[in-house]
Each structure stands twice: as structure tokens, then as C-alpha cells.
Amino acid sequence: MSVHVQNSRLTTAKLRQMKVNGEKIAMLTSYDFTLASLLDEAGIDMLLVGDSASNVVCGNQYTLPITVDEMIFLTKGVVRAAQHALVVCDMPFGSYQVSEEEAVRNAIKILKESGCDAVKLEGGEEILPAIRHMVQSGVPVMGHLGLTPQSVNQFGGYGLRAKEEAEAAKLLHDAKLLDEAGCFSIVLEKIPAALAEQVTKAVSCPVIGIGAGNGCDGQVLVLHDMLGLNQGFKPKFLRHFANLAGEVKTAVNDYITAVKEGTFPNTEESY
Ligand code: KIV
């Protein structure tokens, strides 16, 4: 007896076709089953289980502390929710920098244990051998250039990247290398819009921007930021598509009042 399991999620081939057709790609981060189900039902193309989970889920200052097993735990919930969206899991800091072999081993572990469709890792030429090895092993890889938060201790902050000519030239060179190595997509974070547009035109794979202007093939935002859950964070590139922090606080205030006044639960809400 043969068992054929149909995966209806978006494929990397379809993403490439979207670039060719000029159809914009919408990606959001996602870290749990319930919200991932809503994003998937709403029609999002890609769900990124970002290592920003370290900040927004775990409350760390940086992305650095989150581990492979913690990323797998979160990704499993998102994968269970995703009927249509392609699910990408970030490879956390330390899981791909030590050696090519360890990088491939961790990428395969993430794919096997979480059920996600692809992994993302930060960096250019310096991690090219690992990327090549992963792609040759059958792991779909998304690159990430520009502001790479795992290198915050080297950069000394989260400022705009590639403003100067030399860094811009390196970024363009790195993007071409990632494309040639078989990355199915590249994220460009917080770089000048003109450079992002130049990179987008120079590579064959879809380029997804965050703080990289409107000339990319698609956009990504951190879900908690765009929903207005993270009130203290408002960089220039961020648009709040909702103000859920306000709504959550109002709902919780109403609940507290109802409990304290003894009006919740009422008779209809009781057995
Ligand atoms: O971890 C993350 O959320 C990301 C996006 C900002 C692209 O890498």
C-alpha cells in the first residue's frame, strides 16, 4: 500500500514564478498555532518563525540566546497551522557558524523535527560553504543580508546598513553569491531602498525586504510589531496595521472590572 500525502503549501518554485510575474510576496513572522492559523487563513504567502521569537516571545534583549530546540518547539505549532503558507524557520545564532557539517546537521534536524519547508540564516560569503552544502543536501535555504541581528555585537546596534559604497558593493556581491549558491529567496533588512532595488533586479530569486523600500519582490514584518502589540518599538520602516496593545488592555480592564464587580459570570454564562 502506498500513502500519498498532499502538501498544499506554497512551493519555492511558485515563489520564483511570483517574482517572474511581478506578483508581490507577503511574509510575516509567526510563533504559535493560533495566530499562524489566522495568518494562513488570511492568505499570507510565507510564515517565518523568526529568531525574533527570542525578543517577542521570550523577552530577551537580543536574538542570540534562542536555541535550535526552542526554535523547533515553536515551529511545530506554526507548521500544524499552515495549510497554504510556506513555513521558514530561522537557524539560531551558533547553529551554523561553527562548521559546514554542523550547519547541515542542524538544518536537517530543524526540517525533520519541525516539519517546516525551509530554513533562513544570516550572512554572505563567510557562510557560503555551509549554504552550498545545505542546498546540495536538499535543504531549501533563505538568505538574510543587511542588518543581521545575530551580529548586533559586531555592528554595535541596529542602525541602517550599507550606507557606504564599500558595504553596499559587498552586499550586492553577497546577494549574487547566495543566488548562485541556490538560495530560494533572500531577506534584505534595513538598507537603502535604491540598493535593495538594485539587488532585487540583479538576482533571480525573490527578494523580501524589511526596511528596504518598495523595490523588493515582497515584504516581511514582525507580526507583533505590525499588529501594534509592541508599543515601544516604532522605527521609520514599520507601519502599525492595528493597535492591538490598546485593544488587549481595554479587554483585560473590562474583564477585571466585571470580575471585581461580580458581574462576570452572569447566569447565562453559568451551568
Ligand atoms: O527573526 C526575524 O523576525 C527576522 C525578520 C526580521 C526578517 O529575521
Side-chain angles (χ1 to χ4, degrees), residues 15 24-32 35-36 39 44-68 70-75 77-78 85-97 107 110 114 116-124 127 131 140-152 155 157-162 171 175 178 183-191 196 199-200 205-213 216-227 229-230 233-241:
L15 282 174
K24 293 272 189 182
I25 298 162
M27 176 160 99
L28 282 171
T29 66
S30 186
Y31 318 99
D32 70 275
L35 286 174
L39 304 189
I44 200 78
D45 296 311
M46 279 197 278
L47 291 167
L48 169 65
V49 188
D51 59 357
S52 49
S54 178
N55 311 107
V56 297
V57 177
C58 307
N60 294 312
Q61 190 180 356
Y62 300 117
T63 57
L64 306 186
I66 202 155
T67 66
V68 168
E70 287 166 338
M71 290 301 297
I72 290 172
F73 172 80
L74 297 173
T75 305
V78 174
L86 185 140
V87 182
V88 183
C89 174
D90 252 338
M91 293 193 68
F93 179 65
S95 67
Y96 58 93
Q97 292 91 344
I110 289 171
S114 75
C116 71
D117 304 300
V119 297
K120 174 166 85 56
L121 54 166
E122 299 179 3
I127 55 159
I131 290 180
V141 177
M142 175 179 264
H144 184 155
L145 298 170
L147 174 61
T148 48
Q150 292 179 11
S151 306
V152 62
F155 294 157
Y158 293 113
L160 183 70
R161 303 304 309 175
L171 190 143
L178 296 188
C183 281
F184 75 89
S185 176
I186 300 171
V187 167
L188 294 181
E189 181 164 354
K190 216 169 178 187
I191 63 167
V199 171
T200 303
C205 68
V207 171
I208 311 296
I210 171 164
C216 302
D217 300 304
Q219 300 292 326
V220 58
L221 284 175
V222 169
L223 182 67
H224 293 53
D225 297 342
M226 61 82 76
L227 290 180
L229 279 165
N230 185 2
F233 185 64
K234 185 66 182 81
K236 177 180 156 96
F237 69 80
L238 175 63
R239 186 185 299 179
H240 284 153
F241 287 83

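Atoms within a ligand are numbered from 1 in the order they appear, just like the ligands themselves.
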His224: which of Phe241, Tyr31, Phe233 passes ring-ring contact (aromatic ring centres under 6.0 Å, His included): Tyr31

Ile208 backbone acceptor or donor facing Asp217 side chain under 3.5 Å: no

Judged by atom type as modelled, is there a donor-acceptor pair below 3.5 Å linking the side chain of Lys24 to the main-chain atoms of Cys216? yes

Does ligand 1 have any N/O pairs with the protein under 3.5 Å, and how far apart?
residue, atom, partner, partner atom, Å
ligand 1, 1 (O), Asp51, N, 3.2
ligand 1, 1 (O), Asp51, OD1, 3.0
ligand 1, 1 (O), Ser52, N, 3.1
ligand 1, 1 (O), Ser52, OG, 3.3
ligand 1, 1 (O), Asp90, OD2, 3.1
ligand 1, 3 (O), Ser52, OG, 2.5
ligand 1, 8 (O), Lys120, NZ, 2.8

Minimum heavy-atom separation for Gly146 to Ile191, with atom names?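 Shortest heavy-atom contact: CA-CG2, 3.7 Å.
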
When you look at OH of Tyr158, are more than 12 heavy atoms from neighbouring residues, nucleotides or ligands closer to it than 6.0 Å? yes

If you count the non-hydrogen atoms of other residues, nucleotides and ligands that lie under 6.0 Å from CZ in Phe73, is the total more than 12?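 For Phe73, atom CZ is not crowded (no more than 12 foreign heavy atoms under 6.0 Å).
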
